[in-house]
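Everything numeric here is computed off the predicted structure, so don't read it as measured data. Side-chain atoms are counted along with the backbone in the values below, which use heavy atoms only and exclude waters and symmetry mates.
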Amino acid sequence: MSYECFDVDVRDGVAHLVMCRPEKRNSMNIAFWQELPEIVRDIDQNAKARVIVISSTGPHFTAGIDLAAFGGNTLNPDDGDERTQAIRKGAAFYEHIQYLQAAFSALEQARQPVLAAIQGGCIGGGVDMASACDLRFATEDAYFLVEETNIGMTADVGTLPRLCYLMPEAIVKEMCLLARPMPARRAQQFGLVSDVFADHETMLEAVMAIAAEMAAKAPLAMRGCKQMIHYARDHSVEDALDYIGIWNASMMSTDEIMEAIGARAQKRAGQFVDLPKIKHQR
């Protein structure tokens, strides 16, 4: 299937999603918000890959939300008289924000690890998307810009709640209140970025190698690891300890453990069972 905003390549257990509108600085138009969660959920629900990588084309990762695409009456109720529309406006906007949030939450909810490879500007909605990924990698020229306060609004698609789990609160406040670009090296210093590379080609080569290494591990173990980390983030230590005990009691596979140990001892690739397809959409 072809998409307007993405080129998708799936091979050797890795799904590579490439934003492909460099002439528009990969801005997030109306099609983007439909395509991203559709692609990710298809990969997840049909177990098409064990790892997802998101990268981009051109000098910038993304310029963020295409405000022009959401102009005019796009965000307003389209039926009823003037009074009815005025009353419904807030509720309609709230539902629209939930729609945008769900697109990036699909990355967090995917059973597979999601890696972002970022070059140039990662602006506005780009920070929302990157913060929903599991790991972020960047080039030397990359920077992160929470642009919303520069245009008179508060970031509302995921940046604020997620950044507070990824970086110290004071740094998040500095980043968001000042709305200044944060260079990749400083982002790495505070934990937003895992590694920084000299250029786009070098970064992609390294990120795809990391993805391949992850794809070679037991998918059930990888899913459990991601899910437990997210659960621990949102719950007390006591609750998280109990949940991981229940998880392993019900989900841990002795066969996969023995295969992993055997493959390592014999210096061969493990033959692991893929995750099941999801029959009922979440």
Side-chain angles (χ1 to χ4, degrees), residues 1-11 14-40 42-43 49 51-71 74 100 103-104 106-107 110 114-148 150-151 155 157-159 179-188 192-211:
M1 181 180 292
S2 61
Y3 299 94
E4 177 181 331
C5 301
F6 294 91
D7 291 327
V8 180
D9 179 60
V10 180
R11 66 179 74 184
V14 178
H16 190 186
L17 283 55
V18 184
M19 290 187 281
C20 59
R21 298 173 66 241
E23 73 284 357
K24 298 294 184 180
R25 297 200 301 169
N26 297 299
S27 58
M28 301 168 174
N29 61 9
I30 291 175
F32 172 93
W33 299 96
Q34 177 179 342
E35 290 179 357
L36 177 64
E38 178 181 310
I39 294 167
V40 171
D42 177 51
I43 293 167
V51 183
I52 297 172
V53 174
I54 299 177
S55 71
S56 189
T57 51
H60 296 289
F61 183 68
T62 176
I65 296 176
D66 184 351
L67 295 178
F70 294 100
T74 306
L100 301 184
F104 294 150
L107 301 171
V114 181
L115 316 182
I118 299 161
Q119 86 284 5
C122 181
I123 300 168
V127 181
D128 291 302
M129 177 165 67
S131 63
C133 296
D134 297 299
L135 294 175
R136 289 150 294 279
F137 303 87
T139 56
E140 289 279 3
D141 69 344
Y143 62 89
F144 298 83
L145 175 58
V146 182
E147 178 78 333
E148 284 81 352
N150 284 335
I151 58 173
V157 189
T159 286
R180 294 175 180 171
M182 176 178 282
R185 285 294 181 189
R186 192 155 191 260
Q188 182 186 25
L192 181 60
V193 169
S194 294
D195 206 349
V196 178
F197 301 91
D199 54 52
H200 191 237
E201 182 179 356
T202 304
M203 173 182 64
L204 270 184
E205 183 178 351
V207 171
M208 295 305 288
I210 291 169

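Side chain of Ser56 to main chain of Ile118: no donor-acceptor pair is present (N/O by atom type, distance under 3.5 Å, no hydrogens or angles). Although no hydrogens or angles enter the test, the distance criterion places no donor-acceptor pair under 3.5 Å between the side chain of Arg25 and the main chain of Pro22. No side-chain donor-acceptor contact under 3.5 Å links Glu4 to the backbone of Asn29. Checking side-chain atoms of Asp128 against main-chain N and O of Thr159 turns up a donor-acceptor pair under 3.5 Å. A side-chain donor-acceptor contact under 3.5 Å links Arg136 to the backbone of Ala130. Of the possible polar contacts, one joining the Glu35 side chain to the Cys5 backbone as a donor-acceptor pair under 3.5 Å is found. A donor-acceptor distance shorter than 3.5 angstrom exists from the side chain of Asn26 to the backbone of His60, with no hydrogens or angles considered.
The distance from atom CD1 of Ile54 to atom SG of Cys133, rounded to the nearest 0.5 Å, is 4.5 Å. The distance from the CG atom of Leu204 to the OG1 atom of Thr202 is 9.5 Å, given to the nearest 0.5 Å. Distance check: Met203 CE to Phe137 CZ gives 10.0 Å after rounding to the nearest 0.5 Å. Put simply, CD1 on Ile210 and CD on Glu205 are 11.0 Å apart, with the number rounded to the nearest 0.5 Å. Note that the CD atom of Glu38 and the CH2 atom of Trp33 stand 15.5 Å from one another [nearest 0.5 Å]. Separation of atoms CD (Gln34) and CD1 (Ile30) is listed at 10.0 Å; rounding is to 0.5 Å.
Closest non-hydrogen pair, Pro37 versus Phe32, comes out as CD-O, 4.3 Å. When all heavy atoms of Asn150 and Ala179 are compared, the closest pair comes out as ND2-O, 3.2 Å. Heavy atoms only, all atoms of each residue included: Cys20 and Thr57 are closest at CA-OG1, 3.6 Å. Contact between Pro181 and Leu145 at its shortest, heavy atoms only, is N-CD1, 3.7 Å. Between Gly120 and Asp141 the shortest heavy-atom distance is N-OD1, 3.4 Å.
Here the rule is side chain to side chain contact (heavy atoms under 4.5 Å, CB included) with Met28, and of Leu100, Thr62, Val157 only Thr62 fits it.
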Given the rule in the side-chain contact (heavy atoms from CB on, under 4.5 Å) test, do Asp7 and His16 qualify, once you have shown the distances and angles that lead to the verdict? CA-CA 8 Å; Asp7 291 327; His16 190 186; over 6 Å; no
In sequence, state the C-alpha distance, the side-chain angles, and the governing distance for Phe6 and Val18, and then conclude on side-chain contact (heavy atoms from CB on, under 4.5 Å). CA-CA 5 Å; Phe6 294 91; Val18 184; over 6 Å; no
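Met19 is not listed as a side-chain neighbour of Lys24, based on a closest heavy-atom distance of 4.5 Å or more. Using a 4.5 Å heavy-atom cutoff, the side chains of Gln119 and Pro59 are not in contact. Using a 4.5 Å heavy-atom threshold, the side chains of Val114 and Leu135 count as separate. Annotation: side chain of Phe104 is in contact with side chain of Leu36 (closest heavy-atom distance under 4.5 Å). Inter-residue side-chain proximity for Val196 and Glu140 is flagged as met; some heavy-atom pair is nearer than 4.5 Å. Side-chain atoms of Val193 and Phe144, non-hydrogen and from C-beta on, do get closer than 4.5 Å to each other. The closest side-chain heavy-atom distance from Ile52 to Leu17 is below 4.5 Å. Annotation: side chain of Phe61 is not in contact with side chain of His200 (no heavy-atom distance under 4.5 Å).
Legend: residues meeting salt bridge (charged side-chain N to carboxylate O under 4.0 Å, His left out) with Arg180, ordered by chain and number and at least two apart, are absent.
When the shell of 6.0 Å around CD of Gln188 is examined, it contains more than 12 heavy atoms from other residues, nucleotides or ligands. Counting heavy atoms of neighbouring residues, nucleotides and ligands inside a 6.0 Å radius, atom CD of Glu201 does not exceed 12 of them.
Using a 3.5 Å distance cut-off with no hydrogens or angles, the side chains of Asp199 and Thr139 do not pair a donor with an acceptor.
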